[in-house]
Amino acid sequence: MAAQSVTLGIDLGTTSVKAALLEAAPSHPSGFVVLASCARPSRADAESEAAVPQEREQDVSRIIRTLNECLAALPGQQLQRVGAIGVSGQMHGVVLWKTGQGCEWVEGDAASRFEARVVSHLVTWQDGRCSSEFLASLPQPSSHLSVATGFGCATIFWLLKNSPELLQSYNAAGTIQDYVVAMLCGLRRPLMSDQNAASWGYFNTQSQSWNVEILKSSGFPVYLLPDIAQPGSAAGRTSHTWFEIPKGTQVGVAMGDLQASVYSCMSQKTDAVLNISTSVQLAASMPSGFQPAQTPDPTAPVAYFPYFDRTYLGVAASLNGGNVLATFVHMLVQWMGDLGLEVEETTVYSRMIQAAMQQRDTCLTITPTVLGERHLPDQLASVTRISSSDLSLGHVTRALCRGIVQNLHSMLPFQQLKEWGIERVMGSGSALSRNEVLKQEVQRAFPLPVSFGQDVDAAVGAALIMLRRNHNQMNS
C-alpha cells in the first residue's frame, strides 16, 4: 500500500458528481489530507416516456459521463497511486440493468472508461408516483422503517403494476452507487450495504435481511434484490484500468451519501451533522447498543438509519432543501421570460442572496414544503403574514431560507438534540456551503456552536471509510 497510498472517494449526488483523493497524514489533526477534488453538475434529469405525474427520473448515461469528467479532471499521477475506491450516492432510488450488459468499457485517446449501456433511467428519491392510496395497498414491512414514495421497493411495486414489461427487460437492480460499484468490478450480482437496503424499504436491519417472504407473497420480483454486505467492505476489484487507476484496485461496497457525509464531518459523538444539499438531513449518532422500535411509524419525523458497525443515526430527513431555492429561482427566471426579459439563473441566485443579506429579519413566513414530507406527504407550501412592506426580494429570500431551516427544526428540535447530548452542529452540503443566509438561519435556530464544512464531504467520507478500514486491516 505504500506506493499506492491514495484513496479515491466518489459521491453520486442528485444534482452533481463529486470525487476526492485522500492520503493518510498521521501528523495532521484529521489524520488525512485531501490532495485534489472535483465537483461537476450532472444535469441528468430526464423526461420519462410514460409522462407520469410527479415522476422524477435521471439519465444514467449522463451521470456516468459526469463521473468520467470528474476522473479526467483529477491529476493522473495521483490516480496512478490509488489503492482503494470508496463510493457513496443518493439513497432510496432504483436503477435496473442487464447483468453483463450494464456498461461497455471504451478505450479513448487518453484513457479507458466505462459508459452506460443496457440500463434503465434512475428513478430517484424525489419521485412522487406512489400515491398515499398506492402505498396503503402495499404489504406491511417487517422493519422499523416505513415505506414512502421514491423508495426502491415501492417504485418496483409500482412498475410491477403499471410497467411490467420494463421489469422484464432487466435482471439486476440497485441504487446508482451500487450500479457504479457493480460496473467497476464486473459483478455478476450487485452488492448493497444495509444503509442503502434500509433506504429501499422492506429490509430488516436487525436480521440484516430483506422481507423476502412478505415480498414474494405479493408477487414482487425478489430476484432483483441485491445481496447484502457491510458498507465499505470489499465488493471486488476493478476489472479494467480506469483512467490512470490500475486494474485490480479494491472497490468498497457502496454507502449512503447521508452516512458518508456524517462520517466525514462528525469528529465527536456529541456532534450533530446538518447537511443541506438538494434535500436536508440533520443527523446524530445513537448510543452503542441502541435498537429502534420494530414497528414502523409513518408519521414520525425522525427515522433511525443504519450507520457503521451496526450502530444507528437518528435522522430528520426533509425533502425540501436546496431544491426549494432552485424552484424559486426557476420561477423568477420564468416570470422574467414571460415579461420579455432574459436573465441567467446564476445571476438571480447571487442577487437574491445579496438582497437577503441586507434584510436581516422579516415578518413574512414561508412554509417551504413544495414536495411535502415523508411523514406529511400531502402537505404543500404556503406563505403567510404577507404585508406590503415585506414583499422585497430580500424579505422573500430571507423568509424562504428561514423556512427551510425552521421546517427542519420542527422535525428535530434543538431541545431533542440537547437531550441526546449534542454539543455542536457541523454543517455541510452544497446548498449550505455557498449560502450565507442559510448559515445565519442555522445559527439562529440552533443555539449551539456551529461549524461549516465543504461541498465534497460525502466524497471525502466515502474515501475516509476505505482509508481507515485498510489501515486497520494492515495493523491487525
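Taking CG from L138 and SG from C153, the interatomic distance works out to 10.0 Å, rounded to the nearest 0.5 Å. From I64, atom CD1 reaches atom CZ of R113 across 12.0 Å, with rounding to the nearest 0.5 Å. Atom-to-atom distance recorded for R62:CZ and L67:CG is 16.0 Å, nearest 0.5 angstrom. E55 CD to W158 CH2: the interatomic distance, rounded to the nearest 0.5 Å, is 7.5 Å. Atom NZ of K18 is separated from atom SG of C38 by 10.5 Å, given to the nearest 0.5 angstrom. Q354 contributes atom CD, which lies 11.0 Å from atom OG1 of T397 (distance to the nearest 0.5 angstrom).
Judged by distance alone, with hydrogens and angles left aside, the side-chain atoms of Y179 form a donor-acceptor pair with the main-chain N or O of G102 at under 3.5 Å. Side-chain atoms of S261 never come within 3.5 Å of backbone atoms of L258 as a donor-acceptor pair (strictly under, hydrogens ignored). No donor-acceptor pair under 3.5 Å is formed between the side chain of D11 and the backbone N or O of D457. N320 places a side-chain N or O within 3.5 Å of a backbone atom of V370 that can act as its donor or acceptor partner. Counting only distance, with no hydrogens or angles, the side chain of S42 and the backbone of T15 share a donor-acceptor pair below 3.5 Å. In this structure, the side chain of S285 does not engage the main chain of L313 through any donor-acceptor pair within 3.5 Å.
When each of S132, P298, S131 is paired with P377, the side-chain contact (heavy atoms from CB on, under 4.5 Å) condition holds for S132 and for no other. A side-chain contact (heavy atoms from CB on, under 4.5 Å) with I386 is found for exactly one of L364, T365, V396, namely L364. For the side-chain hydrogen bond (donor to acceptor under 3.5 Å, both in side chains) criterion with Q58, the lone passing option out of Q126, R43, Q90 is Q90.
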Handout entry: Stepwise salt bridge (Lys or Arg N to Asp or Glu O under 4.0 Å) check, R81 with E23
Key = CA-CA 10 Å; R81 298 175 57 219; E23 186 172 43; 2.5 Å; yes
Evaluate side chain to side chain contact (heavy atoms under 4.5 Å, CB included) for L35 paired with V33, printing each intermediate quantity in order. CA-CA 6 Å; L35 300 173; V33 289; 4.1 Å; yes
**Asked** Do Q379 and T369 pass the side chain to side chain donor-acceptor pair (under 3.5 Å) test, and can you show the C-alpha distance, the side-chain angles, and the key distance before you say yes or no?
**Response** CA-CA 7 Å; Q379 176 176 303; T369 46; 3.0 Å; yes
Original post:
How far apart are the C-alpha atoms of S267 and D271, what are their side-chain angles, what is the distance that settles it, and do they pass the side chain to side chain donor-acceptor pair (under 3.5 Å) test?
Top reply: CA-CA 7 Å; S267 53; D271 290 342; 3.3 Å; yes
Check the pair V302, V315 against side chain to side chain contact (heavy atoms under 4.5 Å, CB included), reporting the backbone distance first and the verdict last.
CA-CA 5 Å; V302 174; V315 185; 5.8 Å; no
Check your understanding: What's the verdict on side chain to side chain donor-acceptor pair (under 3.5 Å) for S428 and N275, showing C-alpha distance, side-chain angles and the deciding distance?
Key -> CA-CA 5 Å; S428 70; N275 182 71; 3.1 Å; yes
Applying side chain to side chain contact (heavy atoms under 4.5 Å, CB included) to Q177 and V180, what does each step give before you reach the verdict?
CA-CA 5 Å; Q177 54 269 32; V180 166; 5.6 Å; no
- Task: Carefully, step by step, assess E115 and R117 under the rule salt bridge (Lys or Arg N to Asp or Glu O under 4.0 Å).
- Result: CA-CA 6 Å; E115 296 175 353; R117 284 295 177 261; 3.2 Å; yes
*Can I176 and I63 be said to form a side chain to side chain contact (heavy atoms under 4.5 Å, CB included), step by step?*
CA-CA 9 Å; I176 184 65; I63 296 171; 4.2 Å; yes
The test is salt bridge (Lys or Arg N to Asp or Glu O under 4.0 Å); show your working for D59 and R65 and say whether it passes.
CA-CA 10 Å; D59 184 334; R65 197 178 310 141; 5.8 Å; no
Decide yes or no on side chain to side chain donor-acceptor pair (under 3.5 Å) for D257 and S88, but give the supporting numbers first.
CA-CA 5 Å; D257 54 358; S88 73; over 6 Å; no
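For the residue pair S199 / W125, no side-chain donor-acceptor distance below 3.5 Å is found, with atom types taken as modelled. Residues T205 and D194 have side chains that never bring a donor and an acceptor to within less than 3.5 angstrom of each other. With 3.5 Å as the limit, one finds no donor-acceptor pair spanning the side chains of T299 and H375.
Counting only heavy atoms from C-beta outward, the side chains of M183 and W97 approach each other to under 4.5 Å. Counting heavy atoms from C-beta on, the side chains of F157 and Y202 come closer than 4.5 Å. Considering only heavy atoms from C-beta on, L8 comes within 4.5 Å of L74 through its side chain. Contact of the M426 side chain with the M266 side chain is not registered, since no non-hydrogen atoms from C-beta on lie closer than 4.5 Å. Using a 4.5 Å heavy-atom threshold, the side chains of L325 and L400 count as touching. Looking only at side-chain heavy atoms (C-beta outward), V95 and T175 stay at 4.5 Å or farther from each other.
In this structure, the ring of F414 has its center no less than 6.0 angstrom from the ring center of H409. Between F305 and Y312, the distance from one ring center to the other does not fall under 6.0 angstrom. Under the 6.0 Å cut-off for aromatic ring centres, Y304 and F290 qualify, their centroids lying closer than that.
Under 4.0 Å is where a charged nitrogen must lie from a carboxylate oxygen, and between E57 and R129 at least one such pair does. Taking the charged nitrogens against the carboxylate oxygens, D309 and R469 do have a contact shorter than 4.0 Å, which makes a salt bridge. Salt bridge R398/E441: present, at least one basic N to carboxylate O contact under 4.0 Å.
Residue E342 places its CD atom among 12 or fewer non-hydrogen atoms of other residues, nucleotides or ligands, all under 6.0 Å distant.
Here the closest heavy-atom approach between residue V442 and residue V450 is recorded as CG1-CG1, 4.1 Å.
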